[in-house]
Amino acid sequence: MRRRILIALVAAAGLVTAGCSGGNDRSTQDDGGASSSDTVEVYSWWTSPSEELGLDALQEVFAQEYPEIQFVNGGVAGGGGSTKQLLQARLEAGEPPDSFQVHAGREAQDYIDAGHVTDISDLYNEFGLDGVFPPGLLDMLTQDRHLYTIPSNVHRANVLWASVPALEDAGIDPGAIAYPTVDAFIADLEKIADQAEVTPLAVGGTWTQVHLLETILIAELGADGYDGLFDGTTDWSGPQVGAALEEFQTLIGLTNEDREEYDWEFPTQMVVDGDAAFTIMGDWVPALLESNSLVEGVDYVWAPSPGTDGIYDFLADSFSMTVGAPNPAGAKAWLAVIASADGQAAFNQVKGSIPARTDVDLSQFSSYQQAAAQSFASDAIVGSIQHGAAATIAQGEAVNRAVYAFVTSGADDLAKFQADLTAAFAE
Ligand code: BGC
């Protein structure tokens with residue numbers, strides 16, 4: 001379903017769908033004890049088939065560890081967290097799930113500031129988590145020395161994925177897609193547009209375009225310049241951002257025209273089917289590639305997105321215990337699984353991400369994941385805009401509105417686009 005239609009439906013429904021997922025009709029445990037009638041409702045946006053594989057892996061560990069608690073999937077479709085409005089409505093109505101998915105960074109800080117997530121610093125002690133997560137990641141989940149969520153994984157956003165058959169048809173060497181610049185990438189996309197039947201670059205609706213845009217900003221500005229977009233030291237209205245927006249404009253002209261209708265899976269599926277040569281998307285993509293039995297190096301290849309080698313566009317999922325959780329004991333059990341080495345190994349192997357814990361043995365992980373772990377350890381780390389690391393929820397929404405307005409009105413008013421983006425970060 002189109003994102004904007006879903007949002008409209010949510011608004012029209014008066015934002016009262018919370019009851020559908022069983023948020024209210026469960027017995028509340030005030031004493032923190034679990035009983036056989038207990039359920040735990042977990043909100044996430046892992047609703048696509050390939051993302052559900054990861055959630056299923058977590059549920060399996062949960063069922064083994066806590067057979068007395070029934071897992072209730074409060075998932076709401078909307079890749080990249082693009083339909084968090086429904087969660088927000090439930091939180092504001094005092095009908096929270098027990099736990100919800102939240103990106104580490106500014107997004108997590110928003111929920112802390114709004115008082116929707118419980119201080120779970122004690123659980124870090126109880127679960128023995130001292131020293132198992134990278135300190136920089138914990139900083140993104142901390143306020144005034146208190147911790148509020150537990151990270152499940154680390155994803156990389158700036159990855160270019162390509163179809164080997166589509167590249168070969170267009171006479172492009174699949175071994176040479178580590179483009180040093182966006183311009184070099186555009187040159188190959190134009191070659192594909194001239195010679196082949198396939199879509200040069202597949203994208204989906206607005207949030208996937210924001211995802212693409214952030215990778216272009218990173219390429220144009222470098223890690224320091226990009227970081228400066230969020231602390232005021234890089235000018236959103238300056239010429240470097242202007243140059244990135246021009247590149248983005250050219251790229252949009254080389255994408256599928258039906259892009260607005262889709263979430264992230266469809267453009268990825270275009271690459272799977274060889275109907276598109278490239279897509280730029282986070283590393284939840286391998287789960288879809290592998291569920292289509294595609295083999296790295298044979299059917300698909302990947303590289304850091306153009307112009308971003310040596311930079312890791314970071315995002316991490318984490319889970320909360322909500323303030324007012326109907327079953328805090330259930331939420332605690334869920335968080336224990338999220339935090340555990342077994343839970344992180346089972347989940348991440350399927351999800352495509354790397355464990356947030358640094359003590360998980362990666363020998364059973366894919367070669368892509370092992371490479372991602374190495375990059376995470378050695379690259380310059382920057383935070384994703386779309387995926388809540390660098391931008392607040394309000395800033396991310398304003399960027400989405402700016403991109404939507406630009407792309408759907410013909411992608412020709414660069415001055416307005418840049419002014420809208422500047423305004424998004426003006427406060
Ligand atoms: C989440 C990933 C998810 C992706 C697509 C990102 O915001 O962090 O876990 O797979 O969105 O839905």
Side-chain angles (χ1 to χ4, degrees), residues 1 3 6-7 10 17-18 20-23 39-63 66 69-91 95-105 107-108 110-111 116-118 120 141 148-155 157 207 263-265 282-285 287-288 315-322 325-327 330-340 343-344 346-353 355-356 384 386-389 393 396:
M1 186 181 295
R3 173 178 169 273
L6 181 55
I7 292 167
V10 167
T17 51
C20 303
S21 40
T39 59
V40 60
E41 189 198 356
V42 177
Y43 160 94
S44 78
W45 56 91
W46 292 331
T47 58
S48 81
S50 61
E51 288 171 319
E52 276 181 345
L53 295 174
L55 190 54
D56 287 350
L58 276 172
Q59 279 180 65
E60 264 173 47
V61 179
F62 185 75
Y66 299 96
I69 307 177
Q70 189 198 338
F71 179 89
V72 177
N73 186 349
V76 176
S82 53
T83 49
K84 304 190 197 69
Q85 294 87 342
L86 190 54
L87 169 68
Q88 189 60 28
R90 288 187 58 180
L91 296 175
E95 295 175 355
D98 295 300
S99 179
F100 63 87
Q101 177 186 7
V102 51
H103 289 126
E107 186 179 307
D110 276 352
Y111 288 109
H116 291 312
V117 287
T118 302
I120 51 168
L141 308 169
Y148 289 82
T149 60
I150 296 185
S152 50
N153 58 325
V154 169
H155 270 303
W207 81 260
D263 208 298
W264 70 272
E265 303 94 333
D283 54 13
W284 39 95
V285 158
L288 180 58
L315 63 127
D317 296 301
S318 69
F319 282 85
S320 63
M321 176 188 289
T322 53
N327 184 2
K332 178 177 166 185
W334 172 249
L335 292 175
V337 169
I338 290 291
S340 68
Q344 298 225 342
F347 168 66
N348 285 288
Q349 249 177 292
V350 185
K351 184 68 168 56
S353 37
S384 168
Q386 172 57 38
H387 307 282
I393 295 174

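Just so it is clear, the model here is predicted, and its values are computed rather than measured.
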Could you walk me through whether Glu41 and Phe100 satisfy the side chain to side chain contact (heavy atoms under 4.5 Å, CB included) test, starting with their C-alpha distance in whole Å, then the side-chain angles of each, then the deciding distance to 0.1 Å, before giving a yes or no? CA-CA 9 Å; Glu41 189 198 356; Phe100 63 87; over 6 Å; no

Donor-acceptor check, side chain of Asn327 to backbone of Val40, threshold 3.5 angstrom: yes or no? no

Just by modelled atom types, is the Gly330 backbone N or O under 3.5 Å from a matching donor or acceptor in the Asp98 side chain? no

Mind checking the CG-CG spacing from Leu91 to Leu86? Nearest 0.5 Å is all I need. 10.0 Å

Interatomic spacing from OG in Ser318 to CD1 in Ile338 - rounded to 0.5 Å: 9.0 Å

So do Ser320 and Thr118 actually touch side chain to side chain, heavy atoms under 4.5 Å? no

The criterion is ring-ring contact (aromatic ring centres under 6.0 Å, His included); which residues satisfy it with Phe71, sequence neighbours excluded? Trp334

Just how far is it from atom CG of Asn153 to atom CG of Leu315, taken to the nearest 0.5 Å? 7.5 Å

How many angstroms lie between NE2 in His387 and CG in Asp317, if you round to the nearest 0.5 Å? 9.5 Å

Scanning both residues in full, the closest heavy-atom pair of Thr47 with Gly75 reads CG2-C, 3.8 Å

To the nearest 0.5 Å, how far apart are CD in Glu51 and OG in Ser44? 8.0 Å

State, to 0.1 Å, how close Ala331 and Met321 come at their nearest heavy-atom pair, and which atoms those are. CB-CG, 3.7 Å

Quick one: closest heavy-atom pair of Ala325 and Pro96, and the distance? N-CG, 4.3 Å

Would you name the heavy atoms of Phe319 and Ser152 that are closest together and state the gap between them? CE1-OG, 3.9 Å

For the student: nearest non-hydrogen atoms of Val117 and Tyr148, plus distance: O-CD2, 3.5 Å

Are side-chain heavy atoms of Ser50 and Trp264 found at a separation under 4.5 Å? yes

Keeping Ser99 on the side-chain end and Val42 on the backbone end, is there a donor-acceptor pair under 3.5 Å? no

Which atom of Ala57 lies closest to which atom of Ala346, heavy atoms considered: CB-O, 3.6 Å

Any Gln70 side-chain heavy atom under 4.5 Å of Phe62 side chain: no

Less than 4.5 Å apart, side chain to side chain, heavy atoms only: is that true for Leu141 and Pro151? yes

Check whether the ring centres of His103 and Trp45 lie less than 6.0 Å apart, and answer yes or no. yes

Can you list the steps and then say if Ser48 with Asp263 is a side chain to side chain contact (heavy atoms under 4.5 Å, CB included)? CA-CA 10 Å; Ser48 81; Asp263 208 298; over 6 Å; no

Could you tell me whether a side-chain N or O of Glu107 sits under 3.5 Å from a main-chain N or O of Val102, the two making a donor and an acceptor? no

Quick one: CD1 on Ile120 to CD1 on Ile150, what's the gap to the nearest 0.5 Å? 4.0 Å

Can you confirm whether Leu87 sits close enough to Pro97 that some side-chain heavy atom of one is under 4.5 Å from a side-chain heavy atom of the other? yes

Give the ring-plane orientation class for Phe347 versus Trp46, where under 30° counts as parallel, over 60° as perpendicular and anything between as tilted. tilted

